[in-house]
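Numbers restart at 1 for each chain; the letters A, B, ... are given by sequence-line order, proteins then strands. A quick note: this is a predicted structure, and the numbers were derived from the prediction, not measured.
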Amino acid sequence: MPELPEVETIARKLRPALVGKRILSVSLRWKRTLAEPSPAAFKKRLIGQRIQEVSRRAKFLRLQLSRDTLLVHLRMSGDLTVVRGSYRTAKHDRLILGLTGEMRLVFNDARKFGRVWLTDDPDAILAALGPEPLAEDFTPRDLYARLHQRRRLLKPLLLDQTFLAGLGNIYTDEALHLARLHPLLPSDAVTPDQAAVLWQAIREVLMEGIRRNGASIDWVYRGGDFQNHFRVYGRTGEPCPVCGTPIERMVVGQRGTHFCPKCQLPLPIEPL
DNA sequence: CACGAGACCTGTTCGC
DNA sequence: TGCGAACAGGTCTCGT
């Protein structure tokens, strides 16, 4: 799915197109896309509300409406776009909102994992999320403290949205490589210096992803080009950009994991 | 608490 | 060419 940079890119693109528009109609084409409330209540409450703000929290898109909040999670294959004028329903369209100004907000999701919530209490749904890695109050010391609160492998821990919000499989592999830390390193073995390096690496890869408008891979193209700048993700067998050693792939926590066996030492790098 | 397996889904690519 | 297996940006639940 879209990870933090892709969701941020979508939020930035949707914001100017959506803010101020009023919702006129609702077409729910796959019932399970709607997490809550019931389809009938969803339609009844949604129609007539005005979109006041579009933002992102973790990998959630958040549309602040007149009275409620519409939360959208794209999961693996979801995409949210605005179209103007006449529109022919496309394959995999799951939800279409008709808006003022001949506009439509279309949620397309091939794998049907994506979910939409209409709620007057979005914080209840977002409550368990960990800190935003790009927030100003998220510090290297915070990261170090959190790493030592648990005893888990680095890769699965970084993917855990209650630990840190927004990283997915791509950016986790990229950040670990940039930080030269092994995916299987126990979280409580990370030193303060390594935590600071990891903190910087996480923010760097996320910021680069945003700057490049996210990554576009497979059949979901959104205009981003970060996929052309991956250091390790999906580059099994290709040379490590740092040392030239072939990138290896293994499975960690049931996720394909790409790393450099030479740069990313499994144990803390001792200074001579 | 940590971890692995299975589920939820469809589509593309890989290997024989 | 064909066909099944493996794999895919995520998260949830259950069993150990």
Original post:
With nearest nucleotides of DNA chain B determined for R94(A) and V252(A) from heavy-atom distances, which residue corresponds to the more 5′ nucleotide?
Top reply: V252(A)
Subject >> Partner of S27(A) by side chain to side chain contact (heavy atoms under 4.5 Å, CB included), out of V106(A), L95(A), I96(A) >> reply: I96(A)
Subject >> dC3(C) versus dC9(B) - spacing of their P atoms, nearest Å >> reply: 26 Å
**OP:** Figure out the CZ/P separation between R115(A) and dT11(C), and round it to whole Å.
**Re:** 13 Å
Original post:
Between K91(A) and dT10(B), does any side-chain N or O lie under 4.0 Å from OP1 or OP2?
Top reply: no
Subject >> Listed nucleotide nearest any side-chain atom of N169(A), set dT10(B), dG10(C), dC8(B) >> reply: dG10(C)
Subject >> Atom-to-atom span, CG of D109(A) to P of dT10(B) - whole angstrom >> reply: 10 Å
Original post:
Hey, does R32(A) reach any base, or is it just sugar-phosphate, or nothing, if we go heavy atoms under 4.0 Å?
Top reply: sugar-phosphate
Subject >> Pair K155(A), N169(A): side-chain N/O donor-acceptor within cut-off below 3.5 Å >> reply: yes
**OP:** Rounded off to whole Å, could you give me the NZ-to-P distance for the K31(A) and dC8(B) pair?
**Re:** 17 Å
Subject >> Residue pair D160(A) / T162(A), side-chain donor-acceptor N/O under 3.5 Å >> reply: yes
**OP:** For Q254(A), report the nucleic acid contact type (base, sugar-phosphate, nothing); a contact means any heavy atom under 4.0 Å.
**Re:** base
Subject >> Cluster overlap L159(A) with L154(A), hydrophobic side-chain contacts below 4.5 Å >> reply: no
Original post:
Can you name the residues that form a ring pair (Phe, Tyr, Trp, His ring centres under 6.0 Å) with F107(A), not counting sequence neighbours?
Top reply: none
Original post:
Do the numbers put R146(A) on top of the ring of F163(A), so that NZ or CZ is under 6.0 Å from the six-membered ring centre and no more than 45° off the axis?
Top reply: yes
Original post:
Roughly, in whole Å, what's the span from CD in E36(A) to P in dC12(C)?
Top reply: 13 Å
Original post:
So does H92(A) get a side-chain nitrogen or oxygen closer than 4.0 Å to the phosphate oxygens (OP1/OP2) of dG11(B)?
Top reply: yes
Original post:
Taking OH from Y171(A) and P from dG10(C), how many angstroms apart are they, rounded to a whole number?
Top reply: 11 Å
Original post:
Would you say a side-chain N or O of H73(A) is under 4.0 Å from OP1 or OP2 of dG10(C)?
Top reply: no
Original post:
Can you tell me how far C1' of dT13(B) sits from CZ of R249(A), to the nearest Å?
Top reply: 13 Å
Original post:
What distance separates L126(A) CG from Q161(A) CD, expressed to the nearest 0.5 Å?
Top reply: 11.5 Å
Subject >> Test side chain to side chain donor-acceptor pair (under 3.5 Å) applied to D188(A) and H148(A), R152(A), R151(A), the passing residue >> reply: R151(A)
Original post:
Whole-Å distance between dC9(B) P and N108(A) CG?
Top reply: 16 Å
Original post:
Which parts of residues 143-156 of chain A get close to DNA chain B, meaning a heavy atom less than 4.0 angstrom away?
Top reply: R150(A), R151(A), R152(A), L153(A)
**OP:** Choose from dT11(C), dG11(B), dA8(C) the nucleotide whose nearest atom is closest to any side-chain atom of Q161(A).
**Re:** dT11(C)
Original post:
Does the ring of F113(A) meet both stacking tests against the six-membered base ring of dT11(C): centre distance under 5.5 Å and plane angle under 30°?
Top reply: no
Original post:
In whole Å, what separates the P atom of dA6(C) from that of dA5(B)?
Top reply: 14 Å
Original post:
Between dG11(B) atom P and D79(A) atom CG, what is the distance in whole Å?
Top reply: 16 Å
**OP:** Using both distances under 3.5 Å as the test, list the Watson-Crick or G-U wobble partner of dT11(C), or none.
**Re:** dA7(B)
Subject >> Nearest listed nucleotide, side chain of M76(A), among dA8(C), dG11(B), dC9(B) >> reply: dA8(C)
Subject >> Distance, P atom - from dA7(B) to dA5(C), rounded to whole angstrom >> reply: 15 Å
Subject >> Phosphate OP1/OP2 of dG10(C): any R255(A) side-chain N/O under 4.0 Å >> reply: yes
Original post:
Any side-chain N or O of K112(A) less than 4.0 Å from the OP1 or OP2 oxygen of dT10(B)?
Top reply: yes
**OP:** For residues F226(A) and Y171(A), establish whether the separation of their ring centroids is below 6.0 Å.
**Re:** yes
